[in-house]
Amino acid sequence: MKTLKTLCMALLTIAFISCSQSAPTPEDVARKIDAKETLSEADYTTMIDYCGDYAKKAQKYFDLINAQPNDSTAEYSRAAQDLAALASENPYIDMFRTAIYSASDSEIGEKNTAKVKEFEKYQAFPLPAGSGPNLQQPGVVGAIEEMPADSSAVIAAGIGEAVDSLAKK
């Protein structure tokens, strides 16, 4: 009987320890962001999973919206309303997107970089800084910086966005 009691106590202790070291909740990560604390790899995992789950759900609405000839159709309006409702059900989406956008691959960690690659196919998923094209602006393929004044093969000079005119809209 004493052995059974000891075994039960050991299992309860192990269960308590493993529960106390679980992944942070979205609320925990949001508090850390608000407090301007340094984010851990586990925090980025929570944010990436949160944004990835949202992006998967939102993709069906983006597909409907993108298939419409203009924004005046009933399908467009319904999909836009449903997308807005989904966003309101995910109160941390904008906060987490901003944090992920401003993070580099090295900040989020190697494991999370693999997760990003899994979710990057979804239009609503934010890509970390320098991690492929921004799917929120699918035609933008890079930035145009000031061109040297002596460049003779320049079509246009200035600062702006390089746009792929063949990109799917």
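Nothing fancy with the numbering, it's 1 onward along the sequence.
No donor-acceptor pair under 3.5 Å is formed between the side chain of Glu37 and the backbone N or O of Ile33. With hydrogens and angles disregarded, no donor-acceptor distance shorter than 3.5 Å links the side chain of Arg97 to the backbone of Tyr92.
With respect to the salt-bridge test (charged N to carboxylate O, under 4.0 angstrom), the residues Asp28 and Arg31 qualify.
We find the OG1-CG distance between Thr25 and Asp43 to be 9.5 Å, quoted to the nearest 0.5 Å. Within the model, atoms CD1 of Ile108 and CE of Met47 stand 9.0 Å from one another, a figure rounded to the nearest 0.5 Å. Distance check: Lys115 NZ to Lys117 NZ gives 15.0 Å after rounding to the nearest 0.5 Å. To the nearest 0.5 angstrom, Glu107 atom CD is 11.5 Å from Glu41 atom CD. To the nearest 0.5 Å, atom NZ of residue Lys60 and atom CD1 of residue Ile65 are 12.5 Å apart. Note: Ile100 CD1 to Met95 CE = 12.5 Å, rounded to the nearest 0.5 Å.
Taking 4.5 Å as the limit, every side-chain heavy atom of Thr73 sits out of range of all side-chain heavy atoms of Ser77. The side-chain heavy atoms of Leu83 and Phe62, taken from C-beta on, include a pair separated by under 4.5 Å.
Applying the salt bridge (Lys or Arg N to Asp or Glu O under 4.0 Å) rule to Lys57 yields the partners Asp53; only residues at least two apart in sequence or on another chain are considered.
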**Request:** Start with the C-alpha gap between Glu89 and Tyr54, add the side-chain angles, then the distance that decides, and say whether side-chain contact (heavy atoms from CB on, under 4.5 Å) holds.
**Result:** CA-CA 9 Å; Glu89 294 168 11; Tyr54 168 81; over 6 Å; no
**Request:** Decide side-chain contact (heavy atoms from CB on, under 4.5 Å) for Leu86 and Asp82; before the verdict, give the C-alpha distance in whole Å, the side-chain angles of both, and the deciding distance to 0.1 Å.
**Result:** CA-CA 6 Å; Leu86 179 64; Asp82 291 342; over 6 Å; no
**Message:** For a side-chain contact (heavy atoms from CB on, under 4.5 Å) check, start with the C-alpha distance between Ile48 and Phe125, then their side-chain angles and the critical distance, and finish with the verdict.
**Reply:** CA-CA 9 Å; Ile48 289 169; Phe125 189 78; 3.9 Å; yes
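Nearest heavy atom pair, residue Tyr44 against residue Asn112, reads CB-ND2, 3.6 Å. Summarising the geometry of Tyr122 relative to Ala55, their closest heavy-atom pair is CB-CB, 3.6 Å, with the distance given to 0.1 Å.
Taking the six-membered ring for Trp and thresholds of 30 and 60 degrees, Phe96 and Tyr50 have ring planes more than 60 degrees apart, a perpendicular arrangement.
Asp63 and Gln123 form no side-chain donor-acceptor contact under 3.5 Å, judged by distance and modelled atom types alone.
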